[in-house]
Protein chains: 2
Amino acid sequence: MAYFDAGTPGQGAAPRMTGAPICTPSKTSFSEFGGKAVQYDTHAVIYYEGDPAKRLYELVKGSVMLYKLLPDGRRQVVEVLRPGDIFGLAGSDENDCTAETLTNAEIQEIDLKQVERSDALQRTLTRCLTNQMRVLHEHAVLLGRKSAVERVASFLMHLVPDRGGVGCIGPIDDSDDGFDLRLHMTRQEIADYLGLTIETVSRVVSDLKRRGVIRVDRADQIHLNKVCSLCQMTGMH
Amino acid sequence: MAYFDAGTPGQGAAPRMTGAPICTPSKTSFSEFGGKAVQYDTHAVIYYEGDPAKRLYELVKGSVMLYKLLPDGRRQVVEVLRPGDIFGLAGSDENDCTAETLTNAEIQEIDLKQVERSDALQRTLTRCLTNQMRVLHEHAVLLGRKSAVERVASFLMHLVPDRGGVGCIGPIDDSDDGFDLRLHMTRQEIADYLGLTIETVSRVVSDLKRRGVIRVDRADQIHLNKVCSLCQMTGMH
DNA sequence: CGAAACCTTGACTTAGGTCAACAAAAGTGG
DNA sequence: CCACTTTTGTTGACCTAAGTCAAGGTTTCG
């Protein structure tokens with residue numbers, strides 16, 4: 001019942017539950033380049049799609065999603081970012097997505113003009129963008145070719161460090177192989193990320209529960225009973 | 001009946017039909033950095049998913065697709081590249097996609113070690129990657145949230161320079177507003193790009209034909225009768 | 001405690017997938 | 001240049017995964 005991250009739910013950082021950063025934030029933090037750290041609340045909009053692109057952002061702590069809207073209100077969450085990821089580069093003078101926090105977050109911000117100048121920063125950018133691109137490729141497979149169950153299984157597996165997704169290392173060994181997750185997303189946000197409806201996400205989660213693959217402690221707090229068997233449901237094995 | 005690109009079908013370059021390059025290849029061509037130009041035939045594999053990533057590629061002429069396979073054979077085409085686009089950066093030591101030509105193509109290749117060194121190249125990379133990222137974001141919306149008709153309409157609109165997609169400039173004016181397209185993709189490739197089946201793509205194309213929106217001259221050669229009315233079907237207006 | 005937001009479940013509908021037959025191109029080799 | 005095979009595309013009949021609509025149940029929070 002009690003989770004490893006003792007402390008106020010929805011607040012205290014849960015080290016075990018957040019994945020290892022892909023880029024190395026400490027070494028490449030924008031602070032060295034004149035960036036400033038900004039704190040955001042949960043569900044705060046950092047910028048809107050269509051706004052003029054002024055700054056480059058690096059997520060230091062917490063979680064951020066990028067999404068796009070169609071005129072009739074359909075939404076697609078195109079990226080869910082983790083510490084170390086960068087965003088705000090639009091390739092034009094307007095942001096192509098809306099950026100909104102999923103948790104309270106610490107974000108390093110740096111003027112785009114600064115970015116132009118620094119070679120070191122360009123190098124970091126290339127590396128980060130390449131990584132995010134690979135994630136987008138994999139997400140395209142999910143959106144274009146996977147069933148609802150495979151989408152949800154893949155989504156959950158991505159929250160397990162070093163499992164699911166790109167650098168999956170397979171079953172760590174025998175042992176019980178369980179894992180606690182905090183999603184930090186509502187069913188609607190998950191649905192909009194996975195290209196499903198809220199009802200379908202809910203049904204798949206209930207089904208995984210019924211089949212004993214997961215245990216749902218709170219809506220956004222899920223225990224994977226056997227990481228391995230969930231991994232088998234991602235369509236990638 | 002006769003197309004503007006007089007000449008052998010399937011061979012002669014059709015300038016009106018290829019979109020304006022997003023990155024500027026002439027200025028940033030790898031040749032300056034010690035890259036070498038390589039010619040590929042149609043449907044040649046440049047590298048396979050999982051192969052060690054050795055080189056960075058810049059598409060100079062022709063068309064290339066990147067795709068990923070699931071173990072059971074399902075395929076998702078994750079990018080369709082145009083001249084000026086770069087590929088081959090994997091962010092790890094293995095390529096995350098297979099790269100295959102759609103036409104015969106000229107490609108500049110440069111050793112990844114070279115890339116590490118050059119600041120100018122890094123700058124180019126950042127710009128190209130940012131642009132490709134924006135395209136991937138938009139494609140995620142297509143895959144996650146659009147209907148079959150909207151997907152096909154969006155796909156066709158993307159082949160019209162300056163229309164559909166990111167930098168759509170709306171109806172150029174009155175006039176007839178027609179346009180000739182060469183797809184350079186089979187129905188299977190289109191289906192795998194749009195997250196549909198071959199039958200659905202075929203049905204949608206037939207339907208657009210029946211409704212007088214397009215005229216199908218050959219399977220991969222389509223005339224848009226009224227660009228504007230097709231644009232209305234993309235879900236973006 | 002009560003309102004609002006969020007989640008779950010059931011009954012029903014439908015867009016797009018599957019399977020199968022056939023048609024039309026595009027190669028191939030004599 | 002013409003049979004012949006292979007590949008690619010179209011269409012119809014049917015099926016099903018996931019969407020829609022609607023009713024209730026839980027959480028969360030003022």
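Every chain is numbered from 1, with letters handed out A, B, ... down the list of sequences.
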I would like to know whether B:Lys54 and B:Glu109 meet side-chain contact (heavy atoms from CB on, under 4.5 Å); could you show each step before the answer? CA-CA 10 Å; B:Lys54 294 196 193 79; B:Glu109 307 189 1; over 6 Å; no
Considering only nitrogen or oxygen atoms on both sides, find all protein atoms under 3.5 Å from nucleotides 25-30 of chain D and state each distance.
{"residue": "D:dT28", "atom": "OP1", "partner": "A:Arg218", "partner atom": "NE", "Å": "3.3"}

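Residue A:Ser206 has a polar side-chain atom (N or O) positioned under 4.0 Å from OP1 or OP2 of C:dT9.
B:Ser202 comes within 4.0 angstrom of a base, heavy atoms only.
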Summarise protein proximity over nucleotides 12-20 of chain C in one line of letters, 5' to 3': B for base, S for sugar-phosphate only, - for none, counting protein heavy atoms closer than 4.0 Å. ----SSBB-
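With respect to B:Arg134 and A:Asp96, no salt bridge is recorded, no charged nitrogen being found less than 4.0 Å from a carboxylate O. Using a cut-off of 4.0 Å between Lys/Arg side-chain N and Asp/Glu carboxylate O, B:Asp207 and B:Arg210 are scored as salt-bridged. A salt bridge links A:Lys68 with A:Glu49; the closest basic N to acidic carboxylate O contact falls under 4.0 Å.
Atom CD1 of A:Ile214 is separated from atom NZ of A:Lys209 by 7.5 Å, given to the nearest 0.5 angstrom.
Side chains of B:Arg145 and B:Arg151 form no contact here, defined as non-hydrogen atoms less than 4.5 Å apart. Contact annotation: the side chain of B:Arg215 never approaches that of B:Leu224 to less than 4.5 Å [non-hydrogen atoms, C-beta and beyond].
Below 30°, between 30° and 60°, or above 60°: for B:Phe87 and B:Tyr47 the angle between ring planes is between 30° and 60°, a tilted geometry.
Per the geometry, CG belonging to A:Leu194 stands 19 Å off P belonging to D:dA17, to the nearest Å. Rounded to whole Å, the distance from CG on A:Asp207 to C1' on C:dC7 is 16 Å. Atom CD1 in B:Ile198 sits about 9 Å away from atom P in D:dT10, given to the nearest Å. Between the CE atom of B:Met185 and the C1' atom of D:dG9 there is a distance of 15 Å, rounded to whole Å. Taking atom CD of B:Glu189 as the reference point, atom P of D:dT7 lies 15 Å away to the nearest angstrom. Rounded to whole angstrom, the span from the CG atom of B:Asp220 across to the C1' atom of D:dT7 amounts to 14 Å. Atom CG in B:Leu208 sits roughly 12 Å away from atom P in D:dT11 (whole-Å rounding). Following rounding to the nearest Å, B:Asp192 (CG) and D:dT8 (P) show an atom-to-atom distance of 12 Å.
For B:Asn131 against A:Gly91, the heavy-atom pair with the smallest separation is OD1-O, 3.8 Å.
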